[in-house]
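What follows is a set of notes on a single structure, which appears directly below.
Hydrogens, waters and symmetry mates play no part in the numbers below; they use all other heavy atoms, side chains included.
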Amino acid sequence: QVQLVESGGGSVQAGGSLRLSCTASLYTANSNVMGWFRQAPGKEREGVASIRPSRGSTIYADSVKGRFTISQDNAKNTVYLQMNSLKPEDTAIYYCAAGAVASTLGATLSPYRYNSWGRGTQVTVSS
């Protein structure tokens, strides 16, 4: 199982930016999709962004489209989430996840496709 460690969280004012990083402790060929999820207090975990590099596929939640960008550096076993124009409603714990999907599928925000999760990093956006 892939072990994932997130970093880069913090506190920013609305309109600011943060870049989250997720480093995998080891590589497995079975993990062909990576994703970022978030959970705010009192709310369910939601998918934010996902990437499947082998198919050149990315997907974003509607709430972050145009503001967040997911990318992956295979040489560093690291996935990034660049977050711009942050809003107070982006405040949450952000989790990185690794999973596997069928060869015909692209990136996915379904948490059921992911079997390895990081411990999360807090992002707080103040107004």
(message) Please check this pair: side chain of T78 against backbone of K76, looking for a donor-acceptor N/O pair closer than 3.5 Å.
(response) yes

(message) Restricting to non-hydrogen atoms, name the atom on A61 and the atom on G47 that form the minimum distance, rounded to 0.1 Å.
(response) CB-O, 3.4 Å

(request) Enumerate the residue pairs fulfilling salt bridge (Lys or Arg N to Asp or Glu O under 4.0 Å) with a member in residues 82-111, sequence neighbours excluded, ordered by first and then second residue. (result) R38-D90, R67-D90

(request) Using the side-chain contact (heavy atoms from CB on, under 4.5 Å) rule, take Y60 and L109 through it: C-alpha gap first, then chi angles, then the decisive distance, then the call. (result) CA-CA 8 Å; Y60 297 91; L109 294 179; 6.0 Å; no

(request) Over all heavy atoms of both residues, which pair between Q72 and P53 is shortest? Give the atoms and the distance, please. (result) OE1-CG, 2.9 Å

(message) For a 4.5 angstrom cut-off between non-hydrogen side-chain atoms, does R45 reach Y95?
(response) yes

(message) Is it the case that over 12 heavy atoms from other parts of the model lie below 6.0 angstrom from the CZ atom of R52?
(response) yes

(request) Determine whether R113 and L105 make a side-chain contact, defined as any pair of heavy atoms from C-beta on separated by less than 4.5 Å. (result) yes

(request) Let me see the working for L81 and V79 under side-chain contact (heavy atoms from CB on, under 4.5 Å), right down to the final yes or no. (result) CA-CA 7 Å; L81 184 68; V79 176; over 6 Å; no

(message) Test side-chain contact (heavy atoms from CB on, under 4.5 Å) on S50 and Y114; report intermediate values, then the result.
(response) CA-CA 11 Å; S50 172; Y114 296 85; 2.9 Å; yes

(message) Please determine whether side chain to side chain donor-acceptor pair (under 3.5 Å) holds for the pair N84 and S17, giving the CA-CA distance in whole Å, both sets of side-chain angles, and the decisive distance to 0.1 Å.
(response) CA-CA 4 Å; N84 299 327; S17 298; 2.9 Å; yes

(request) Determine yes or no for a side-chain-to-main-chain donor-acceptor pair under 3.5 angstrom, with T91 supplying the side chain and V125 the backbone. (result) yes

(request) Could you identify which residues cluster with Y80, counting Ile, Leu, Val, Met, Phe, Trp and Tyr as linked when any side-chain heavy atoms lie under 4.5 Å apart, either directly or through a chain of such contacts? (result) none

(message) Quick one, V33 and I51 - any side-chain contact, counting heavy atoms below 4.5 Å?
(response) no

(request) Indicate the ring-plane relationship of Y94 and F68, choosing parallel, tilted or perpendicular according to the 30° and 60° boundaries. (result) tilted

(message) I'd like to check T121 versus L20 (side-chain heavy atoms, cut-off strictly below 4.5 Å). Are they in contact?
(response) yes

(message) Using a 3.5 Å distance criterion without hydrogens, assess whether the side chain of E6 forms a donor-acceptor pair with backbone atoms of C96.
(response) yes

